[in-house]
2 protein chains.
Amino acid sequence: MKMRYPCRMDRIDAAILKSLAADARAPVSAIAGEVGLSQSACTRRIQALEASGHLLGYGARLGHRRLGFRITALVDITLGTQVEEDLARFEAAVAQIDGVVECALVSGGQDYRLKILARDLDDYERLHREHLGRLPGVVTINSSFVLRAIPTRSEAEALFGGR
Amino acid sequence: MKMRYPCRMDRIDAAILKSLAADARAPVSAIAGEVGLSQSACTRRIQALEASGHLLGYGARLGHRRLGFRITALVDITLGTQVEEDLARFEAAVAQIDGVVECALVSGGQDYRLKILARDLDDYERLHREHLGRLPGVVTINSSFVLRAIPTRSEAEALFGGR
DNA sequence: TTTCCTTGGGAACGCCGATGCGCATGGAAG
DNA sequence: CTTCCATGCGCATCGGCGTTCCCAAGGAAA
């Protein structure tokens, strides 16, 4: 299949991405209808978006709470070093911990911000003791717990303009 | 369709959710093969998981960078009040801002943590000036920028045990 | 043991998605 | 202006997928 990797993205592509972001398992024909395209044209656009890296894949939205995970923790971790090897060791260790679903090195002091899922406070305490506490090079750990999640724009809406 | 809403979740259900989380558009037949079930049994399980709230929906993973959004900001906002009405006003205002993709009220001081996507620093500066700065009741705003995202366990792996 | 309930497998049918083809549009070259 | 090529759409096709029946097997309760 001959296929370029264009940066060009018109509003139809944006609409397709929005639609897929809202319901990735919707039939292509339904998406095509929404965006005013034929099925085949829509399929080809989706393929192009996948090939060009605008569309990375598809995932399921899981009901954390329903699955027994009631704790979301946002954890700030400060390291005592800025040496790249130490950062790499820390990052490798973090990547092994079950429950850590996000981790980012952020500006403003040499620290990391994690998002952690846990069943309950006991579960989180165990995680903290067995894993977070043993991470290499850590100076401070600061845990906050999500009390309430505020509904916001979806990712797609943020990227392509509000609803 | 007669359908109970069981809390029971065996490892087959977990495997299905993992698989769907990894690739939500995979054919049911492929998932069925992975988890060792026939197509029809797998379809029924998926329907049950959807009906029971374990599976909330399906989404697309978008290439932020490729789409021109190179800034991810993690913003801490402190309010000068703890009155519920003030929190509600703040939350309603936040929900209107394009670019805010997550917002949570967290423990430890009365503050919120947001995740914000922006095209570049100029774009973020505009967002900060035009929107964040005008949020009601705000005392302090503290922005950190993601310098590097560390790959972690996926959500499903965190919930059901590492790979 | 009998009955009921649950859950899996098999088959059929309708629908979905990928692909090839023809055509229209628009810009560049002659 | 005309020609040519590139791009992108719609239509039609066909193989494959998903949904939904029905039946069978296994376990629990009476």
Side-chain angles (χ1 to χ4, degrees), chain A residues 1-63 66-68 156 159-161, chain B residues 1-63 66-68 156 159-161:
Chain A
M1 175 197 326
K2 185 183 48 155
M3 180 85 52
R4 293 169 320 110
Y5 298 81
C7 281
R8 292 178 37 232
M9 280 266 318
D10 57 25
R11 84 198 40 162
I12 295 184
D13 288 315
I16 290 175
L17 291 181
K18 264 198 203 182
S19 182
L20 279 172
D23 182 7
R25 274 187 91 83
V28 174
S29 53
I31 300 171
E34 284 182 33
V35 306
L37 235 55
S38 75
Q39 207 181 121
S40 57
C42 192
T43 296
R44 278 188 291 260
R45 288 217 185 213
I46 292 175
Q47 291 171 340
L49 288 168
E50 289 171 350
S52 63
H54 292 106
L55 233 180
L56 301 178
Y58 309 94
R61 282 187 286 272
L62 304 178
R66 197 76 175 76
L67 287 165
L159 296 175
F160 303 120
Chain B
M1 176 199 323
K2 184 183 48 155
M3 179 84 53
R4 292 169 320 111
Y5 297 82
C7 281
R8 292 179 38 230
M9 280 266 318
D10 57 25
R11 82 199 41 163
I12 294 184
D13 288 315
I16 290 176
L17 291 180
K18 264 198 204 183
S19 182
L20 279 172
D23 182 6
R25 275 188 88 84
V28 174
S29 53
I31 300 171
E34 282 182 34
V35 305
L37 235 55
S38 74
Q39 206 174 280
S40 56
C42 193
T43 297
R44 275 191 301 261
R45 289 222 184 206
I46 292 175
Q47 291 171 341
L49 289 168
E50 289 171 350
S52 63
H54 293 105
L55 232 182
L56 301 177
Y58 308 94
R61 282 188 287 271
L62 305 178
R66 196 75 176 76
L67 288 165
L159 295 175
F160 302 120

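Because the structure is a prediction, the values reported are computed rather than measured. So you know, we letter chains A, B, ... as the sequences are listed, proteins then strands, and number each from 1.
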Pairs under 3.5 Å (N/O, protein and nucleotides 23-27 of chain C):
none

Sort me out a list of protein N/O and nucleotides 24-27 of chain D N/O pairs below 3.5 Å, or just none if empty.
none

Give every pair of a protein N or O atom and an N or O atom of nucleotides 13-17 of chain C that lie under 3.5 Å apart, one pair per line with the distance.
from	atom 1	to	atom 2	distance (Å)
dG17(C)	OP1	Val28(A)	N	2.8
dG17(C)	OP2	Val28(A)	N	2.9
dG17(C)	OP2	Ser29(A)	N	3.4
dG17(C)	N7	Gln39(A)	OE1	2.7

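What separates CD of Gln47(B) from P of dT7(C) is a distance of 14 Å, to the nearest Å. Atom P of nucleotide dC17(D) and atom CD1 of Ile31(B) are separated by 12 Å, given to the nearest angstrom. Between Asp10(B) atom CG and dG8(C) atom C1' there is a gap of 12 Å when expressed in whole angstrom units. Here the C1' atom of nucleotide dT7(D) and the CZ atom of Arg44(A) are 11 Å apart, to the nearest Å. Look at CD1 on Ile46(B): it is 15 Å from C1' on dG8(C), rounded to the nearest Å. dT19(C) atom P lies 18 Å from atom CZ of Arg45(A), rounded to whole Å.
Side chains of Leu56(A) and Leu62(B) form no contact here, defined as non-hydrogen atoms less than 4.5 Å apart.
Ala24(B) and Gly59(A) make their closest contact through CB-O, 3.4 Å (heavy atoms, listed as atom of the first residue, atom of the second, distance). Considering every non-hydrogen atom in both Val35(A) and Ala15(A), the closest pair reads CG1-CB, 3.5 Å. Ala60(A) approaches Leu55(B) most closely through the heavy-atom pair CB-CD2, 3.8 Å. Ala156(B) approaches Ala21(B) most closely through the heavy-atom pair CB-CB, 3.6 Å.
A distance of 5.0 Å separates CG of Leu17(A) from CG of Leu49(A), quoted to the nearest 0.5 Å.
Under the side chain to side chain contact (heavy atoms under 4.5 Å, CB included) criterion, Arg25(A) pairs with Asp23(A), Leu20(B), Val28(B), Tyr58(B), not counting sequence neighbours. The side chain to side chain contact (heavy atoms under 4.5 Å, CB included) test applied to Glu34(B) returns Ser19(B), not counting sequence neighbours.
For Ser40(A) against dC9(D), a side-chain-to-base donor-acceptor contact under 3.5 Å is absent. For Ser38(B) against dG8(C), no side-chain N or O and base N or O form a donor-acceptor pair under 3.5 Å.
Judged as a salt bridge (Lys or Arg N to Asp or Glu O under 4.0 Å), the pairs with a partner in residues 45-57 of chain A (not counting sequence neighbours) are, in order, Asp10(A)-Arg45(A), Asp13(A)-Arg45(A).
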Could you give me the CA-CA distance, side-chain angles and deciding distance for Leu67(A) and Met9(B), then say whether side-chain contact (heavy atoms from CB on, under 4.5 Å) is met?
CA-CA 9 Å; Leu67(A) 287 165; Met9(B) 280 266 318; 4.0 Å; yes
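With hydrogens and angles ignored, the 3.5 Å screen pairs a side-chain donor or acceptor of Arg66(B) with a backbone N or O of Ser52(A).
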